[in-house]
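From a predicted model like this one, the values you see are computed outputs, not experimental measurements. Every heavy atom of this structure was used, including side-chain atoms; hydrogens, water molecules and symmetry mates were not.
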Amino acid sequence: TSIAFNSTGTFVIGGRGDATAYVFCYAGTVSGTTITRGAITQAASDYYAPGNVAIDPNAPTKFIYSWYESATNYTARVGTLSGTGDRTITFGTAQEIDNGDTAWAQAVTVFNPVTAGEVVMVHRAENPSSLLQASLGTYSGTTITMGANYDFPLWGAYYGAACDKSSGGFAIAYKNDS
């Protein structure tokens, strides 16, 4: 399960469930001690691993939800928030993101707050086994375009990423498997 807030106080939660909504997201708002959420929106119709949700700081009604799908790829969708309190989700077409390597786990997505539409995705690759990789890309509308993978010199696990709000530089932290 993953959660992200936008600048207007709306949150998006992504997770996995049962046969009624295998991979899903829902959006909501917090007011005082009250949480109001919208309907669950299915992102995928099969039982995949949980994913990561990230909201674009330059476009607070846009987000990317990515999840591990199989040993050959991870998948991502651009979502748009609308309706009362931005609690309605509409997804673009699901896109396989693999950049020529097979993905082994979910992608962690981070938006650049300085450069609109720029995004970094970090994931583990199966070949070579458990190599940590990152790629820089962009999204426009509901289409994601990722560049070539950067291979970290060590196997990585338990990884995360963040972006500096003033410079736009990215940092990636991970535990070396060995």
Side-chain angles (χ1 to χ4, degrees), residues 1-15 23-29 38 41-44 48-69 72-103 105-125 132-152 156 159-174:
T1 303
S2 175
I3 185 170
F5 280 86
N6 69 11
S7 58
T8 67
T10 299
F11 64 82
V12 175
I13 293 177
V23 177
F24 65 88
C25 287
Y26 61 86
T29 53
T41 303
Q42 187 169 319
Y48 302 118
N52 173 259
V53 62
I55 296 178
D56 186 346
N58 296 300
T61 60
K62 292 288 197 177
F63 69 95
I64 292 178
Y65 185 57
S66 57
W67 64 91
Y68 168 78
E69 186 171 323
T72 59
N73 65 52
Y74 63 94
T75 300
R77 292 182 94 164
V78 175
T80 303
L81 302 170
S82 62
T84 303
D86 283 335
R87 292 188 297 262
T88 301
I89 295 173
T90 306
F91 278 118
T93 303
Q95 294 178 242
E96 291 183 0
I97 311 276
D98 64 9
N99 297 319
D101 281 312
T102 54
Q106 76 186 37
V108 172
T109 305
V110 180
F111 284 97
N112 185 338
V114 177
T115 305
E118 189 174 79
V119 63
V120 164
M121 290 187 179
V122 182
H123 69 279
R124 287 175 66 176
L132 188 65
Q133 297 178 320
S135 57
L136 179 66
T138 59
Y139 88 97
S140 179
T142 60
T143 302
I144 303 165
T145 305
M146 297 307 294
N149 283 326
Y150 170 81
D151 295 337
F152 286 82
Y159 46 92
C163 186
D164 183 329
K165 290 178 173 57
S166 59
S167 73
F170 291 93
I172 297 167
Y174 60 96

Looking only at heavy atoms, what is the nearest atom pair of [X] and [Y], with distance?
{"X": "C25", "Y": "F63", "value": "SG-CE1, 4.1 Å"}
{"X": "V122", "Y": "A161", "value": "CG2-CB, 4.1 Å"}
{"X": "A76", "Y": "M121", "value": "CB-CE, 4.0 Å"}
{"X": "S135", "Y": "N149", "value": "CB-OD1, 3.7 Å"}
{"X": "T109", "Y": "N52", "value": "N-OD1, 2.8 Å"}
{"X": "N58", "Y": "A116", "value": "ND2-CA, 3.5 Å"}

Residues forming a side-chain hydrogen bond (donor to acceptor under 3.5 Å, both in side chains) with S140, sequence neighbours excluded
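If we apply the side-chain hydrogen bond (donor to acceptor under 3.5 Å, both in side chains) test to S140, skipping adjacent residues, there are no hits.
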Report the residues that fulfil side-chain hydrogen bond (donor to acceptor under 3.5 Å, both in side chains) with T80, sequence neighbours left out, ordered by chain and then residue number.
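By the side-chain hydrogen bond (donor to acceptor under 3.5 Å, both in side chains) rule, T80 matches K62.
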Name all residues meeting the side chain to side chain contact (heavy atoms under 4.5 Å, CB included) criterion together with A4; count only those two or more places apart in sequence or in a different chain, and write none if there are none.
V53, I55
For T143, what residues pass the side chain to side chain contact (heavy atoms under 4.5 Å, CB included) criterion, not counting sequence neighbours?
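By the side chain to side chain contact (heavy atoms under 4.5 Å, CB included) rule, T143 matches Q95, T145.
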State which residues pass ring-ring contact (aromatic ring centres under 6.0 Å, His included) with Y26; sequence neighbours excluded, sorted by chain then number.
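Testing Y26 for ring-ring contact (aromatic ring centres under 6.0 Å, His included), a comparison that skips the adjacent residues, returns none.
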ring-ring contact (aromatic ring centres under 6.0 Å, His included) partners of F170, counting only residues at least two apart
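For F170 there are no ring-ring contact (aromatic ring centres under 6.0 Å, His included) partners, ignoring immediate neighbours.
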For G92, is there any backbone N or O sitting under 3.5 Å from a side-chain donor or acceptor partner on R77?
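Here the side-chain-to-backbone pair exists.
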Identified side chain to side chain contact (heavy atoms under 4.5 Å, CB included) partner of Y65 from the options V23, V12, I13:
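Among the candidates, only V23 passes.
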